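Structure first, commentary second.
Throughout, a chain's letter reflects where its sequence line sits, starting with A, and its residues are numbered from 1. What you see is a predicted model, and the numbers here were worked out from it, not measured in a lab.
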Amino acid sequence: MEKTYAETKTEEPLDFIRNKVNEDITNNKNDGKVVTRFPPEPNGYLHIGHAKAFCLNFGIAKELNGKCHLRFDDTNPVKEDDKYIQAIKRDIHWMGYDWGDNLFYASDYYEKLYEFAVELIKMGKAFVCDLSMEEIKEYRGTLTTPGKESPYRNRSIEENLDLFKRMRNGEFTDGAKTLRAKIDMNSTNIHMRDPAMYRIKHVSHHRTGDKWCIYPMYDFAHCLSDAIEGITHSLCSLEFEIHRPLYDWFLEKLNLHPRPQQIEFNRLNLTYTVMSKRKLIKLVEENKVFGWDDPRMPTVSGMRRRGYTPRAIKNFVKKAGLTKREQVIDVSLLEYCVREDLNKTSPRVMGVLNPVKVIIDNYPEGRVEEMTAVNNPEDETMGTRKVPFSKELYIEKEDFREEAPRKFFRMVPGREVRLRYAYIVKCTRCTKDENGEITEIHCTVDPESRGGTAPDGRKVKGTLHWVSAQHALKAEVRLYDRLFKRENPESDGHFIDDLNSDSLKVLPECFVEPYLKNVKPEDRIQFERIGYFCVDEDSKKDKPVFNRTVPLRDSWAKKNK
RNA sequence: UACCCCAUGGUGUAAUGGUAGCACAAGUGGUUUUGGUCCACUCGGUUGAGGUUCGAGUCCUCAUGGGGUAACCA
């Protein structure tokens, strides 16, 4: 049975919604039950803002032994599609939530909703209106002026009943008639000015096919679907606040009990991205990204492909908090949460993204040593692995300079560096091509320093990652950056202009250690000194593709900005 | 020039009439075979004006600022 937060072991302060739910249980409202719901419309993929909503709804249910229903709000067949239903279910499951038997569709309730509408007509609380869309708009008035009543408002109940039935039977064309609630054309809340309940659309529905040609509106369908399912707390975002009187009106007029309560919370926005479904659809349709699951997208699918973990996302949502103020959260908080999780869980490996060859002149040709490397210094149980070392290696181009700037601890002629888990080497010289590009770097190894420490205890400040040339596995690496150049991409439709043209860099010729030859999509690793990466589904048998999830923090780069 | 909601460091969020705290970001130092992690420190805040009170971020009034609302979308 449900418990209160006093009985859970949370020591953190509760947000205002959890407080309210807690209070309701304490007062035995709804017999102390908690039933929430997550009601996506299947017209796009879920994004991090939706994640906040479903983490809240499923989270509360889980925390208090209540239930959370997944209900597809499918009342507008022209925008909806089954492919979105599949994607939404997959994303919620991936995040670790389960609706059990409680999978519903607003379209399950079409017959019942129709009956409720008939009931309202019988009460004289709804009428069939012949006004056109333009006329309705005109009659509605404006934000500052009252509306006026439709000339069809006082039709007899019998006539309304007959007309509504004929609407259902398909006797009228799209837009010819609507069923409207009879409320108050003078209300200061425009949503109460005789809102539409049903409109005619001769369109087949992804679930009900051609059974219906009238479809219920959100305001009518949502509150009643909640009531039908026995939802106790109907949590939605702030922009629905003004709809609440209407939500309550239908429930009250139809005298439904127990009565679900709508509570509104702030949406989650992130810097350097856009969050509205409309804008995300535009990015997909105009091929600004490769799809809904492009790793640069703020969608759950995109984040999965990018390598974010459910745990990191949940933690982020929790840290973002829940209030009634507008929030725009710094994307660095999300990245922090991702790194925090990946740091503890990702195996470390070496990979060279921009390779340059290193030749160790005093190392015997053909000799191969197996160096022991720690898989994760944060977690001893992850063990160690062997990494082959030989005369010719690759290191990162940017780890070598002919002239060292101040505090540059990497490879420079005449100086020593450590090759991680291998040896201390001293750079002697480099060769260049006719363009001045460095072609080879020559070093000598200190054979006494095997493993990386010198017996004389001398300090070597720099440690570089490397890959043995003859053992290297070729890989493609995709580097992602923020999708937009500006913190708040233009809100007025010109957000496309703020797209960051450098949001994706593909490096087709990287070298990684052979340990990675059996990776599979969604495997996550850390390339030491570079960042966290996730194996992409585009990977081929002998050429893996790695998506950069998030770079490691880099105080060196920051200092040199 | 309507109605509704909101207002705490750069950002997000606590403080339920009694010491304004936490996290991220930013910065400084320490440790380090990842310029990572970790550790320590620093920076910086109650929109304004009145009122109630021994005492106000918190309650009241007004002002200011921000957001939402006029689909047969959700």
Candidates [options] - which lies nearest the side chain of [X]:
{"X": "A:Arg529", "options": "B:rG35, B:rC73, B:rA2", "result": "B:rG35"}
{"X": "A:Glu326", "options": "B:rA71, B:rG67, B:rU13", "result": "B:rG67"}
{"X": "A:Thr188", "options": "B:rG36, B:rC73, B:rC3", "result": "B:rC3"}
{"X": "A:Phe240", "options": "B:rA2, B:rA74, B:rC24", "result": "B:rA74"}
{"X": "A:Lys559", "options": "B:rG36, B:rG35, B:rG27", "result": "B:rG35"}
{"X": "A:Lys324", "options": "B:rA74, B:rC5, B:rG36", "result": "B:rC5"}
{"X": "A:Lys79", "options": "B:rG27, B:rC73, B:rG68", "result": "B:rC73"}
{"X": "A:Glu241", "options": "B:rC5, B:rU69, B:rU34", "result": "B:rC5"}
{"X": "A:Leu552", "options": "B:rA14, B:rG36, B:rC73", "result": "B:rG36"}
{"X": "A:Leu333", "options": "B:rC72, B:rG36, B:rC24", "result": "B:rC24"}

Check the surroundings of atom CZ in A:Arg168: do more than 12 heavy atoms from other residues, nucleotides or ligands lie under 6.0 Å from it? yes

Greater than 12 external heavy atoms within 6.0 Å of A:Lys318's NZ: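 Count not over threshold, so no.
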
Which part of the nucleic acid, if any, lies within contact of A:Pro377, taking any heavy atom under 4.0 Å across all strands shown: a base, the sugar-phosphate backbone alone, or nothing? base

When all nucleic acid strands are considered with a 4.0 Å heavy-atom cut-off, which category describes A:Arg193: base, sugar-phosphate, or nothing? nothing

Any donor-acceptor N or O pair under 3.5 Å, side chains [X], [Y]:
{"X": "A:Glu23", "Y": "A:Thr26", "value": "no"}
{"X": "A:Tyr110", "Y": "A:His205", "value": "yes"}
{"X": "A:Glu264", "Y": "A:Gln262", "value": "yes"}
{"X": "A:Arg325", "Y": "A:Asn266", "value": "no"}
{"X": "A:Asn376", "Y": "A:Lys344", "value": "no"}
{"X": "A:Asn43", "Y": "A:Glu41", "value": "yes"}

Searching all strands shown, indicate the nucleotide that pairs with [N] (Watson-Crick or G-U wobble; both distances under 3.5 Å).
{"N": "B:rG27", "answer": "B:rC41"}
{"N": "B:rU64", "answer": "B:rA7"}
{"N": "B:rG55", "answer": "none"}
{"N": "B:rG21", "answer": "B:rU13"}
{"N": "B:rU46", "answer": "none"}

Figure out the [atom1]/[atom2] separation between [X] and [N], and round it to whole Å.
{"X": "A:Ile190", "N": "B:rG68", "atom1": "CD1", "atom2": "C1'", "answer": "13 Å"}
{"X": "A:Tyr198", "N": "B:rC73", "atom1": "OH", "atom2": "P", "answer": "14 Å"}
{"X": "A:Glu239", "N": "B:rA74", "atom1": "CD", "atom2": "P", "answer": "14 Å"}
{"X": "A:Phe16", "N": "B:rA15", "atom1": "CZ", "atom2": "P", "answer": "13 Å"}
{"X": "A:Phe265", "N": "B:rC4", "atom1": "CZ", "atom2": "P", "answer": "23 Å"}
{"X": "A:Ile17", "N": "B:rU13", "atom1": "CD1", "atom2": "P", "answer": "13 Å"}
{"X": "A:Ile136", "N": "B:rA70", "atom1": "CD1", "atom2": "C1'", "answer": "13 Å"}
{"X": "A:Arg244", "N": "B:rC6", "atom1": "CZ", "atom2": "P", "answer": "10 Å"}

Looking at [X] and [N], is any side-chain donor or acceptor paired with a base atom of the opposite kind under 3.5 Å?
{"X": "A:Gln526", "N": "B:rU34", "value": "yes"}
{"X": "A:Glu378", "N": "B:rG36", "value": "yes"}
{"X": "A:Asn19", "N": "B:rU16", "value": "yes"}
{"X": "A:His191", "N": "B:rA71", "value": "no"}
{"X": "A:Arg553", "N": "B:rG35", "value": "no"}

Using the [atom1] atom as the reference point in each nucleotide, state the distance between [N] and [M] in Å, no decimals.
{"N": "B:rA26", "M": "B:rU69", "atom1": "P", "result": "34 Å"}
{"N": "B:rU1", "M": "B:rA63", "atom1": "P", "result": "15 Å"}
{"N": "B:rA14", "M": "B:rG9", "atom1": "P", "result": "13 Å"}
{"N": "B:rA40", "M": "B:rU47", "atom1": "P", "result": "31 Å"}
{"N": "B:rU46", "M": "B:rU34", "atom1": "P", "result": "43 Å"}
{"N": "B:rC24", "M": "B:rU19", "atom1": "C1'", "result": "25 Å"}
{"N": "B:rG48", "M": "B:rG65", "atom1": "P", "result": "15 Å"}
{"N": "B:rC60", "M": "B:rC73", "atom1": "C1'", "result": "41 Å"}

Presence of [X] side-chain N/O under 4.0 Å of [N] phosphate oxygens OP1/OP2:
{"X": "A:Asn266", "N": "B:rC5", "result": "no"}
{"X": "A:Arg348", "N": "B:rU34", "result": "no"}
{"X": "A:Lys319", "N": "B:rU11", "result": "no"}
{"X": "A:Ser555", "N": "B:rG36", "result": "yes"}
{"X": "A:Thr75", "N": "B:rA74", "result": "yes"}
{"X": "A:Lys201", "N": "B:rC73", "result": "yes"}
{"X": "A:Tyr218", "N": "B:rC73", "result": "no"}
{"X": "A:Arg140", "N": "B:rU69", "result": "no"}
{"X": "A:Arg325", "N": "B:rU13", "result": "yes"}

For this output row, return yes or no: ring centroids of A:Phe484 and A:Tyr272 closer than 6.0 angstrom. no

For A:Phe408 and for A:Pro13, find the nucleotide of RNA chain B with the closest heavy atom, then tell me which residue's nucleotide is more 5'. A:Pro13

Which residue, A:Thr144 or A:Asn343, contacts RNA chain B at a nucleotide closer to its 5' end, judged by nearest heavy atom?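 Of the two residues, A:Thr144 wins.
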
Mind telling me whether B:rA15 is syn or anti, cutoff 90° either side of 0?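 What B:rA15 shows is an anti base, its glycosidic angle lying more than 90° from 0.
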
If you measure from the ring centre of A:Trp556 to the centre of the six-membered ring in the base of B:rG35, is it under 5.5 Å, with the planes under 30° apart? yes

Check the pair A:Tyr421 / A:Val387 against side-chain contact (heavy atoms from CB on, under 4.5 Å), numbers first and verdict last. CA-CA 9 Å; A:Tyr421 298 126; A:Val387 186; 5.8 Å; no

